[in-house]
Amino acid sequence: MILELKIKNFLSFKEEVTFSFEATKDKSIEDYQVVEVAPNTRILKLAIVYGANASGKSNLVGVFEFIRYFWLNIPENKDISTGVIPFLLNDKTPKEPSEFSLTFYLEGTKYMYSLELDKKNVFSEKLLVYPGTQPALIFERMFNEGVSDISFNTKRVKISQMAKDEITIKCLTNMSVLAAYNQVNVAIPEIERVVKWIKSQFNLSSIESNTGLEEYAEHAISKNNATKNFILNFLQCADFNIMDINSKIIEERMPEEFLTMLINDFSKIPNDEKERIKRDKTLKIIQTEFKHRVVNDKGEERFYTLLKNNQSKGTLRTFGLAGVIRRTIEDNAFLAIDEIESSLHPRLVEFIIEDFFKQKGQSQLLLTTHYDGLLEEDDLLRKDSIWFTNKKENGATELYSLSDFKGVNRMSSLQKAYKYGKFGAIPNI
């Protein structure tokens, strides 16, 4: 589970800011929302971020997305950009490196990963483990005379010189040591555990308000009946009168010129599928039908089957979110959702959060929202799970928690306090 993230000079984060899932000493509604990952270490399953437009909420989601991308990305050559974007609203920071630090727990053990880089090169990369209260180095990577110098802690890491040399050769100056390790036929347990965590629990792309999720849910339903039941129950609890869902893969014959263009232009299609398309002249398409229950004017129950294209945006958004949240819960993974309320009724947003808390495990959600009605739900959100972003006059983002404010427990309405600017993070109109 993720404990803490530090960011400096990335997107709208100019000065160093810290975002944390660490639970305070508050004991309210902790049975569903707090996981004790180690003695005296309590981590929240959910954090929700409020802020005005352009204040940095989406950029916080973007930080997690960048780290995930950087860990897994293998650039074709050393001239490709790392993808990092520094703070651009002054003359100094665009010339300085961006810095990140992510602290997380894996099987009860604390790890800390740090990174410093610009658009061209990684200047510093380090992975630490905490076998006790003091950290122990796993690997450290520095930038010396135009090349990456990688060193391993031989007291903890057993690695041959040949394996070290191979990782160093694979590790271009614009990529992660972890990505280079993925390309080498060697197993280092201390690194393998972290890489496995990244691939299984930190591998979900962040969800934006316009992210299409229906196809993912469709494929999940077609392959797994338990997932189908979860999503169907989700929709029924959300009161869509949907009694059943069926997704199946069908083959449709397409014009040969279209198939040729598809094969040539989409390199991500697996080679065996390309060969099948050439041979069968068909395209595999997933089709989903939703069975609706209605009561007619005579009080008679009727059932009608409608295709996906005949469903509302809210239905499809809920359908897709249910699929990816199910995956998050199954894998004990981390998922960030930007503007959770997009196309959803406020009560449905509350239901999604309520249902997530009912699921056991160590999965985590990071949500951004404009729906301030959640602030009135004392039995739904803990105060330490609520965060704010505020844009300063210099264009930089401030990031802070509701628990930083004194006297919050004496406020009769957090929603009204937020509305009238007690916590900042609102539009200056």
[X] ring center near [Y] ring center (under 6.0 Å):
X: F66; Y: F100; value: yes
X: F388; Y: Y418; value: yes
X: W197; Y: F104; value: yes
X: F290; Y: F319; value: yes

Test item: side-chain donor near acceptor, [X] and [Y], under 3.5 Å:
X: E125; Y: S176; result: yes
X: K228; Y: N246; result: yes
X: S200; Y: D331; result: no
X: N390; Y: E398; result: yes
X: S55; Y: K391; result: no
X: R68; Y: S205; result: yes
X: D372; Y: Q415; result: yes
X: D26; Y: T24; result: no

Quick one: does [X]'s side chain have a donor or acceptor within less than 3.5 Å of a partner on [Y]'s backbone?
X: R156; Y: L137; answer: no
X: Q134; Y: Y130; answer: no
X: E341; Y: H370; answer: yes
X: D338; Y: T368; answer: no
X: N229; Y: A226; answer: no
X: E65; Y: S206; answer: yes

Salt bridge (charged side-chain N to carboxylate O under 4.0 Å, His left out): which pairs involve residues 40-61, sequence neighbours left out?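 Sorted result for residues 40-61: E30-R42.
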How long is the straight-line distance from [atom2] of [Y] back to [atom1] of [X], given to the nearest 0.5 Å?
X: L348; Y: F351; atom1: CG; atom2: CZ; answer: 7.5 Å
X: T288; Y: Q311; atom1: OG1; atom2: CD; answer: 9.5 Å
X: I340; Y: I352; atom1: CD1; atom2: CD1; answer: 4.5 Å
X: N182; Y: N73; atom1: CG; atom2: CG; answer: 11.5 Å
X: I329; Y: K358; atom1: CD1; atom2: NZ; answer: 12.0 Å
X: S247; Y: E218; atom1: OG; atom2: CD; answer: 5.0 Å

Give a yes or no on whether [X] atom [atom1] has more than 12 heavy-atom contacts from other residues, nucleotides or ligands under 6.0 Å away.
X: E289; atom1: CD; value: yes
X: D91; atom1: CG; value: no
X: K119; atom1: NZ; value: no
X: Y32; atom1: OH; value: no
X: I85; atom1: CD1; value: no

Steps toward side-chain contact (heavy atoms from CB on, under 4.5 Å) verdict (I43, Q364): CA-CA 9 Å; I43 297 181; Q364 287 178 292; 3.4 Å; yes
Ring pair (Phe, Tyr, Trp, His ring centres under 6.0 Å) between Y400 and F423, intermediate numbers included: CA-CA 9 Å; Y400 48 92; F423 310 127; 8.7 Å; no
Check step by step if side-chain contact (heavy atoms from CB on, under 4.5 Å) holds for V122 and F70. CA-CA 11 Å; V122 176; F70 182 73; 3.5 Å; yes
Between T93 and E96, is a side-chain contact (heavy atoms from CB on, under 4.5 Å) present by the stated rule, with each step listed? CA-CA 5 Å; T93 51; E96 297 177 335; 3.9 Å; yes
Salt bridge present between [X] and [Y] (N-O < 4.0 angstrom):
X: E107; Y: K196; value: no
X: K170; Y: E166; value: no
X: R347; Y: E354; value: yes

Could you check L117, N9, D118 and say which one makes a side chain to side chain contact (heavy atoms under 4.5 Å, CB included) with P86?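 Of the listed options, the one satisfying the test is N9.
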Evaluate the side-chain contact (heavy atoms from CB on, under 4.5 Å) criterion for residues I67 and F64: first the C-alpha distance (whole Å), next the side-chain angles of each, then the deciding distance (0.1 Å), finally the verdict. CA-CA 5 Å; I67 292 174; F64 286 100; 5.5 Å; no
